[in-house]
Amino acid sequence: MALMQSDSLDQEGKTDSFLMKAIKIALVVALYWFISITMVFLNKYLLDSPALKLDAPLFVTFFQCFVTVGLCWCMSLLSRLCPTSVEFPSVKLDLKMSREILPLSVVFIGMITFNNLCLKYVGVAFYNVGRSLTTVFNVLMSYLIIKQTTSSYALLCCGVIIGGFWLGVDQEGAAGSLSWTGIMFGVLASLCVSLNAIYTKKVMPVVDGSIWKLTYYNNVNACFLFIPLIVVFGEFKTLFYFDKLDSWYFWGMMTLGGVFGFAIGYVTGLQIKFTSPLTHNVSGTAKACAQTVLAVIYSEDTKSLLWWTSNLMVLAGSFAYTWVKGLEMKKLQQDPQTKSTTAKNDSGI
């Protein structure tokens with residue numbers, strides 16, 4: 001009787017533990033979706049809202065980087081004051097470290113700038129397709145830079161993504177809402193996202209593997225590099241004549257955009273921690289689908305069957321690529337164990 005009761009309690013405890021873990025994962029994934037989707041819509045509002053009428057995408061991006069630097073300082077200070085409650089690395093400006101990270105920061109600037117410019121010229125509904133070539137560029141850049149080959153199954157997935165991209169471009173053109181400028185920025189953003197991932201791996205040892213230190217130095221460098229760009233592209237003049245510089249609402253929305261930009265880094269790491277990199281990629285693909293549907297509903301658009309097909313092709317290709325790469329990584333992890341077992345059997349052990 002006592003044994004049965006003990007087993008019952010153990011089983012109940014395991015059930016409760018599993019339930020709590022499932023609830024935590026669901027909350028983390030929901031938080032990632034909320035912050036990621038809200039950030040896209042918020043950036044679209046800041047970059048292309050008739051209410052603001054601010055044609056200064058570089059300044060908007062610069063300000064978001066500035067807010068991120070400020071938040072890194074605040075989190076570092078809180079970590080020192082409340083070490084048991086807040087965990088954040090100590091950040092300070094090290095010019096040598098900043099200089100070593102500079103090449104990555106140039107790519108980082110291209111990534112966030114072209115992302116925002118793509119969002120400025122295309123609708124949120126088409127944004128996912130407009131910058132969907134990141135996976136394709138990952139394969140291409142991995143081969144050109146580190147000579148890493150890709151399996152035929154992964155290449156087939158890339159082919160589906162490219163097909164979905166071109167079908168989407170064709171359907172946007174047929175609907176009369178195609179922006180070649182937005183498409184160009186989307187392609188450049190995809191290229192920079194791919195390069196950013198590759199260069200991040202190279203410079204991670206410089207910051208002792210800390211993603212938050214890398215975030216801090218990337219955004220510090222970006223703040224300095226954006227200033228001459230803002231001057232060259234004449235955005236200081238645009239800001240000088242902007243009639244809402246004294247508006248609390250404007251600066252509040254700008255700061256909110258920066259906070260969400262900082263938060264997306266945190267919730268991305270949180271989702272990977274509570275799930276896995278593979279699950280994170282699957283979640284990101286599903287989030288992109290939900291984001292597209294929400295954008296179509298919000299804008300009250302009517303899209304053709306082929307337009308939806310292009311989105312499904314991009315999402316299916318991205319999901320399939322993630323799945324294929326996951327299987328390949330799992331096989332690579334198992335191969336050394338298989339070889340070791342084979343060697344033991346051959347030696348008679």
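Side-chain contact, Thr292 with Asn128: no donor N or O sits under 3.5 Å from an acceptor N or O. When only modelled atom types and interatomic distance are considered, Gln291 and Trp33 share no side-chain donor-acceptor pair under 3.5 Å.
Taking every heavy atom of both residues into account, Lys120 and Leu47 meet most closely at NZ-O, 3.2 Å. Closest approach of Val91 to Ser76, counting heavy atoms only: N-OG, 3.3 Å. When all heavy atoms of Lys53 and Phe242 are compared, the pair lying nearest together is O-CE1, 3.9 Å. Taking each heavy atom of Ala222 and Cys65 in turn, the nearest pair found is CB-SG, 3.9 Å. Between Phe137 and Val187 the shortest heavy-atom distance is CE1-O, 3.6 Å.
At least one side-chain heavy atom of Tyr127 sits under 4.5 Å from a side-chain heavy atom of Asn115. Using a 4.5 Å heavy-atom threshold, the side chains of Leu191 and Phe114 count as separate. Between Val122 and Thr181, every side-chain heavy-atom pair lies at or beyond the 4.5 Å cut-off. Residues Leu229 and Phe62 are not in side-chain contact: their nearest non-hydrogen atoms beyond the backbone lie 4.5 Å or more apart. At a threshold of 4.5 Å between non-hydrogen side-chain atoms, the residues Leu31 and Ile35 count as touching. Using a 4.5 Å heavy-atom cutoff, the side chains of Val296 and Trp308 are in contact. Between Phe63 and Leu46 there is no side-chain heavy-atom pair separated by less than 4.5 Å.
The ring-ring contact (aromatic ring centres under 6.0 Å, His included) with Phe262 is formed by just one residue from the set Trp212, Tyr216, Phe66; it is Trp212. A side chain to side chain donor-acceptor pair (under 3.5 Å) with Gln171 holds for exactly one of Ser304, Ser177, Ser310; it is Ser304.
Atoms OG1 and CZ, from Thr255 and Phe250 in turn, are 9.0 Å apart once rounded to the nearest 0.5 Å.
Using a 4.0 Å cut-off between charged side-chain N and carboxylate O, Lys331 and Glu328 make no salt bridge.
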- [ ] Could you give me the CA-CA distance, side-chain angles and deciding distance for Cys158 and Tyr321, then say whether side-chain contact (heavy atoms from CB on, under 4.5 Å) is met?
- [x] CA-CA 7 Å; Cys158 290; Tyr321 179 86; 4.2 Å; yes
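Annotation: salt bridge (charged side-chain N to carboxylate O under 4.0 Å, His left out) contacts involving residues 236-265, sequence neighbours excluded, are absent.
When hydrophobic clusters are built by joining Ile, Leu, Val, Met, Phe, Trp and Tyr residues whose side-chain heavy atoms come closer than 4.5 Å, directly or via intermediates, Phe236 is grouped together with Met254.
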